[in-house]
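Working notes for the structure below.
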Amino acid sequence: ERTIQRSFFISADMAHAVHPNYSEKHQVNHDVGINKGIVAKVNHNQRYASDLVSTSILKIIAEKYKVPLQEFVVKNDSACGSTIGPIVSSKTGIKTVDVGAPMWGMHSIRETGGVIDGVYYRDLFTGFYKEFEHINHDLLNQWVNYTE
């Protein structure tokens, strides 16, 4: 039980950036761009495992390490893929966040991503390994104090 409370799973892969030829396929106000930061993926049908707590932890780390974060929300009339995040989260109870580096043409023969986003990924993970234990400890203490 303690291990699960102190654990965090980052389901990290890629994310759909707004393709200039298909911009109507994307949710307005959630226009993800290449070389503009790592994407926190949210889906209210639970196709991604990100929730308020896991995304907040990610945002704290990203802000401290100056990694821009973008948010991806699937357009209501579009189908949505999934990741292993919801599977791991539901089977283990471990806090999980789904993130991705933005790219055009995912699953096509001409996938296109940005070099700067690779640097952002590195910086985000470096920050995570340095900061998570402290952030999680603080959150758990706040929760214990709140529930007493």
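Residue numbers count from 1 along this sequence.
Residues Pro68 and Tyr120 have side chains in contact (heavy-atom distance under 4.5 Å, counting atoms from C-beta outward). The closest side-chain heavy-atom distance from Leu58 to Val99 is below 4.5 Å. Contact of the Ser54 side chain with the Asp51 side chain is registered, since non-hydrogen atoms from C-beta on lie closer than 4.5 Å. The side-chain heavy atoms of Val32 and His16, taken from C-beta on, include no pair separated by under 4.5 Å. Phe8 places none of its side-chain heavy atoms less than 4.5 Å from the side chain of Asn136.
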Working for side chain to side chain contact (heavy atoms under 4.5 Å, CB included), residues Asp123 and Lys66: CA-CA 8 Å; Asp123 293 348; Lys66 297 180 179 21; over 6 Å; no
Can you list the steps and then say if Tyr121 with Ile38 is a side chain to side chain contact (heavy atoms under 4.5 Å, CB included)? CA-CA 7 Å; Tyr121 241 157; Ile38 300 305; 3.7 Å; yes
What verdict does the side-chain hydrogen bond (donor to acceptor under 3.5 Å, both in side chains) test give for Asp98 and Ser50, after you've listed the backbone C-alpha separation in whole Å, the side-chain angles of each residue and the deciding distance to 0.1 Å? CA-CA 5 Å; Asp98 274 292; Ser50 303; 4.6 Å; no
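Distance check, rounded to the nearest 0.5 Å: CD1 of Ile57 to CG of Asp138 gives 10.5 Å. Atom CD1 of residue Ile4 and atom CZ of residue Phe9 lie 14.0 Å apart, to the nearest 0.5 angstrom.
Listed by chain and number, the residues in a side chain to side chain contact (heavy atoms under 4.5 Å, CB included) with Thr92 are Val88, Ile94 (sequence neighbours excluded). Qualifying side chain to side chain contact (heavy atoms under 4.5 Å, CB included) partners for Glu133, counting only residues two or more places apart in sequence or in other chains: none.
Side-chain atoms of Trp104 do not come within 3.5 Å of backbone N or O of Gly113 as any donor-acceptor pair. Under the 3.5 Å distance criterion, the side-chain polar atoms of Ser89 are left unmatched by any main-chain donor or acceptor of Gly85. Here the side chain of Asp117 pairs no donor or acceptor atom with the backbone of Ala101 at under 3.5 angstrom. Looking only at distances, no side-chain donor or acceptor of Thr55 sits under 3.5 Å from a matching main-chain atom of Leu52. Formation of a donor-acceptor pair under 3.5 Å by the Gln70 side chain with backbone atoms of Gly33 is found in this model.
Between Lys41 and Asp13 there is a salt bridge, since at least one side-chain N of the basic residue sits less than 4.0 Å from a carboxylate O of the acidic one.
In the hydrophobic clustering of ILVMFWY residues, with side-chain heavy atoms under 4.5 Å counting as a link, Phe132 and Val67 come out together.
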